[in-house]
Every structure is written in C-alpha cells, then in structure tokens.
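What follows is a short report on a single structure.
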Amino acid sequence: MIDVNILRNDFDAVKKMLTDRGSSIDLTAFSDLDSKRRQLITDSDKLKSERKSTSKQIGMMIGKGEDPAEIKARVAKMGDRIKEMDSELAQTEEELNDLLAGIPNILHDTTPIGAGEDDNVEVDRWGTPRDFGFEIKDHVDLGTALNILDFETAAKLTGARFALLRGDGARLERALINFMIDVHTEQGYEEVLPPFIVNGDSMYGTGQFPKMKEDVFKLEGLNYYLIPTAEVPVTNIHRNEFIEEARLPVYYQAFTPCFRSEAGAHGRDTRGLIRQHQFNKVELVKFVHPEESDKELEKLRNDAEEILKRLELPYRVMALCSGDISFAAAKCYDLEVWLPGQGKYREISSCSNFRDFQARRARIRYKGGKKKGLVHTLNGSGLAVGRTLVALLENHQQSDGSIQIPEALRPYMNGKETISK
RNA sequence: GGAGAGGUGACCGAGUGGUCGAUGGUGCACGCCUGGAAAGCGUGUGUGGCGCAAGUCACCGAGGGUUCGAAUCCCUCCCUCUCCGCCA
C-alpha cells in the first residue's frame, strides 16, 4: 500500500509511476473519496461527542430522579444519524481502500524505465557457460534417462505440472535445500519453518491479495490458502507488531514448498520442472531500518548469488525495469541462471526491496525510544530449489549422460561425485 | 469431535450498564536522593483516524445486535487453556 500522503501531495509522481509501469489504473475518484471521507469523519465525530456528553446528562438526571424522556428521544435521533453517517463512511473507506490497495509501489530512483522484459538491465554476470563439445540434453531427458525425474507417474498421481523425484533426484533436491540453508545460516539468517497454509489476512498483508487471488490455491470452504511463497508466512510473522529498533535488521530464512495455480501461464514452460504447481524454495526475508534498505538489497542479492557460485552455475543479474517489476517492489534484481538445455538465462531468484509498501499494509513498525516508523521489508529467493536442480543437471552433465556433483554439494550427497545409471 | 473455563494496555491483573481509555502492581523513561549503585520518593509511560492547533473520535480477541449510553448484556466467528475421545 502506498502512502496516501503521496497521492495528496504529489499526485503527479504517482501518475508518472503508473505510466512507467504501463499500468492503467484510474485515479480520478481519489480526490473526491478522500475529502468525502474526511468530511464524514469530522461530522460524525462531532455528533458522537455531543451524544457522549448528552448521554452523561441522562445518567445524572436519572440519579436525581428526574425524567429524561425528552433528552432521550433527542439522543436517539442523534444515534440514528450517526449510524447513517458511519455506514456511509464505511462504504467510502472501502472504496478508497480498494483504490489504494490496487496501486502498485512507487519505484526506486534507480529502477530502470522500460516497457517490459526486454528492457531489463544486466548489471552483473558471473561464470562462463560451458563449451560442452558433445550433444547436450535438457534436464527432462537427462533426468528421465537417469530415472531420477518421473513426470508420467506424477501426472497419474495428480496431473500436469507436477513431478515425482526418485532416488538420487529426491536426494539431490534434499541436499540442495540443506546446503542452501546452511550457507544462509552462515550469513546470519535465522531459520524458520512456517505453516504452508495461511489465512486471508496474511495474503493481504504481503500484497498477494487482492491482486493475485486467482493465482493461489484456496482450501475448499475455508479462508485458508496454500502459500505461493514463504514470503507470505515469514513476512507476516511481524504483522501488527513493533520491532525494537535495536533489534533491526531482522533476517529470516525459510524452506517451504510453494503452490501456484499458474492460471495465467497456460501453455508456457510446459516441459519439465521449470514451471510447476508445486516447487520448493528457500526464501530470505529481511526487516530493516528504512535508511538501510538500499544497502540491504545489495547484500541480499549477494547472499543469494553465493549459492550459485558455490554450485558453479553461471548466472547474470538483471535489474528489472518499470514495466516488468512486480506490484509491490520498488526495486528488484532477478538472478538468472544459465540453462544449456534452453540456451538461455532463466530466472532462479528474485530479490526485492519493498521499502515501506508491505510494512504499511501489514503494519510492521519499529520503535526506539520516542521514535517509531514503518520498517522496510525485503525478500529474495535463495534459491528456487527445483530450478536449481534443473540448472545443476544441465550445466554439470557429462557426455555419457551422468551428472557431476559440484564439490560444495558432495557432503550433502554422502560424498557422491556423480549421478549415473 | 464432546464438555467446561477464559481472551482487558509491554507484562500481571481489577472492572458485570453511565465522569472507564480503563484502578492497582510490575517493567520502562526522566528527576530527586547517593561518592556510585540498590532501596526509597516524585513525575511520566498504548495505537490509530480527523484537525493548523486547542482538541476530538475510535479501539478492552473479531464482527454484528440491544440501549439515550456497552470493556460490561445478547448473537456469530476466531484463538488459548483443562478434561474426555481420536490420532502422528
């Protein structure tokens, strides 16, 4: 949620942001709704104040044995009027809130302006895609041949966009999770294991609602949802709370499965593990002092990059442009790993600074002495485990179809150096 | 799932229809006292909306209702605890 004062005082900045994002939200109703709301509050409060003092008189009259019937009737009328005004106020606030909740975050000064994916700016690159010197396979062919990936059986169990990992494949996924968590623990992140099901308030708190309702799985008959990312439960740990200023920054990491209906992605990435309804992810979440969030985003990005480096996976870092950046983010870096099977760099982590956007909505504040304010929140994948497995298979494949396990991961694979038939 | 008891400010805990946004205690902050500290004494100490401000309104798990007036009464829901049942 953006600061309503920005709309009041710098309407043009908001309009510019919407243009930059290619968003077509209509803000014309704002000004009227805003002043209508303020007027209703002023009027209703005045009447409430009057009712309060008059009601006290009634109490006193009764005490003295006088008959308050006439005043009672008057206050009853006030009460009716207050009820009318308050319901009008509630309706106005709802409209205003719907409008505000639909406005994306103000962009960071350094977020590049652009129309879409193609305008993202590469800011860094690490490693060199291997020159294989043999006919390479993609992860589906590799994994199927090694009998570590089984999509057919998963389709029988559930349906499309699910996978069954077997043997060393299952082991590799688990190894990656543990490896990532251990690295991030070194980096200072507290490990948490949250519920994988959250309520509607939590979904709203991080901004998944109301925008992306159709992308999540809802439990039938309940106000419960399968988490689309650990960001939701972890950020909401501090919803409606004050964090002692001295405790900042607070770092969490969480491994969770993530569930996405991918309603808008029919026909995209249908092959293999790239886009699944369920995938594992280790997520990094930070709550920081507002002045520190720029610096913290760089650190967050480096912390995620460290995983790719240790796994010897070539990648590049993209600064997402205004037309491609997500709704709640002010600034975002995507880490894109090289996938030989596709001959492309593909997103494997998204590291975002939301500034106070989530914190305002979820009311996450810091307090130190007399000072208080909204914290800044950040998060990033560290990393998407399924896609890491894809990258690992494809980048570390050998001419005989076996997979070389990078050294950093071997302790997690019981010392194993290769996966082969 | 069944039966019962509860949810009040940072915490403990009073309050069962009216000067209660809420007694008291603990904690915390500041001041006095002290060589310094402890103890003691004094003062202060919630969040949010509206308002230039003075101030005002709302909030006692959430939402509705009754009433001139609700922390207090009624209804629905959520959560916690105890016992029983069931289960990993």
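Letters A, B, ... are given to chains in the order of the sequence lines, protein chains preceding strands, and every chain is numbered from 1.
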Across all strands shown, which nucleotide pairs with [N] by Watson-Crick or G-U wobble geometry, both distances under 3.5 Å?
N	result
B:rU67	none
B:rA54	none
B:rU82	B:rA3
B:rU19	none
B:rU26	B:rA10
B:rG31	B:rC41

Grab the [atom1]-[atom2] distance between [X] and [N] for me, whole Å please.
X	N	atom1	atom2	result
A:L47	B:rC57	CG	C1'	12 Å
A:I82	B:rU67	CD1	C1'	13 Å
A:K56	B:rA70	NZ	C1'	14 Å
A:N223	B:rG63	CG	P	15 Å
A:R51	B:rC68	CZ	C1'	9 Å
A:R363	B:rG46	CZ	C1'	14 Å
A:I58	B:rG17	CD1	P	18 Å
A:D86	B:rC50	CG	P	15 Å

Inset, instruction - With sequence neighbours excluded, give me every ring pair (Phe, Tyr, Trp, His ring centres under 6.0 Å) pair touching residues 168-188 of chain A. - result: A:F179-A:Y412, A:H184-A:Y189
Select one nucleotide: of [options], the one nearest the side-chain heavy atoms of [X].
X	options	value
A:K367	B:rC68, B:rG46, B:rC57	B:rG46
A:S55	B:rC68, B:rU19, B:rC57	B:rC68
A:R365	B:rU47, B:rC57, B:rC68	B:rU47
A:K83	B:rU66, B:rC68, B:rG49	B:rU66

Inset, instruction - Using heavy atoms to find the nearest nucleotide of RNA chain B for A:D34 and A:G79 separately, return the residue whose nucleotide is more 5′. - result: A:D34
Legend entry - 5' precedence on RNA chain B between A:K46 and A:E93 (nearest-nucleotide basis): A:E93
Should [X] be listed as having a side-chain N or O under 4.0 Å from OP1 or OP2 of [N]?
X	N	result
A:K372	B:rG48	yes
A:K52	B:rA58	yes
A:R37	B:rC50	yes
A:S49	B:rC57	yes

What distance, rounded to whole Å, do you find between the two [atom1] atoms, one in [N] and one in [M]?
N	M	atom1	value
B:rA58	B:rA5	C1'	31 Å
B:rC68	B:rU76	C1'	26 Å
B:rC28	B:rG85	C1'	47 Å
B:rA62	B:rA71	P	12 Å
B:rG46	B:rC11	P	14 Å
B:rC78	B:rG13	P	26 Å

Would you call [X]-[Y] a salt bridge at under 4.0 Å N-O?
X	Y	answer
A:K295	A:E298	no
A:E186	A:R310	yes
A:D12	A:K16	no

Inset, instruction - Quick one: label A:R8 by what it contacts on the DNA or RNA (base, sugar-phosphate, nothing), any heavy atom closer than 4.0 Å. - result: sugar-phosphate
Main-chain N/O of [Y] paired with [X] side-chain donor or acceptor, under 3.5 Å:
X	Y	result
A:R239	A:A362	no
A:T158	A:A155	no
A:S381	A:S349	no

Inset, instruction - Provide the closest heavy-atom pair for A:K286 versus A:L300 in the form atom of the first, atom of the second, distance. - result: NZ-N, 3.6 Å
Legend entry - Closest non-hydrogen atom pair between A:L176 and A:T388, with its separation: CD2-CG2, 3.9 Å
Legend entry - Geometric class of the A:F287/A:H238 ring pair [parallel <30°, tilted 30-60°, perpendicular >60°]: perpendicular
Detail all sub-3.5 Å separations between protein N/O atoms and N/O atoms belonging to nucleotides 72-80 of chain B.
none

Legend entry - Under-3.5 Å donor-acceptor pair between A:D45 side chain and B:rG49 base: yes
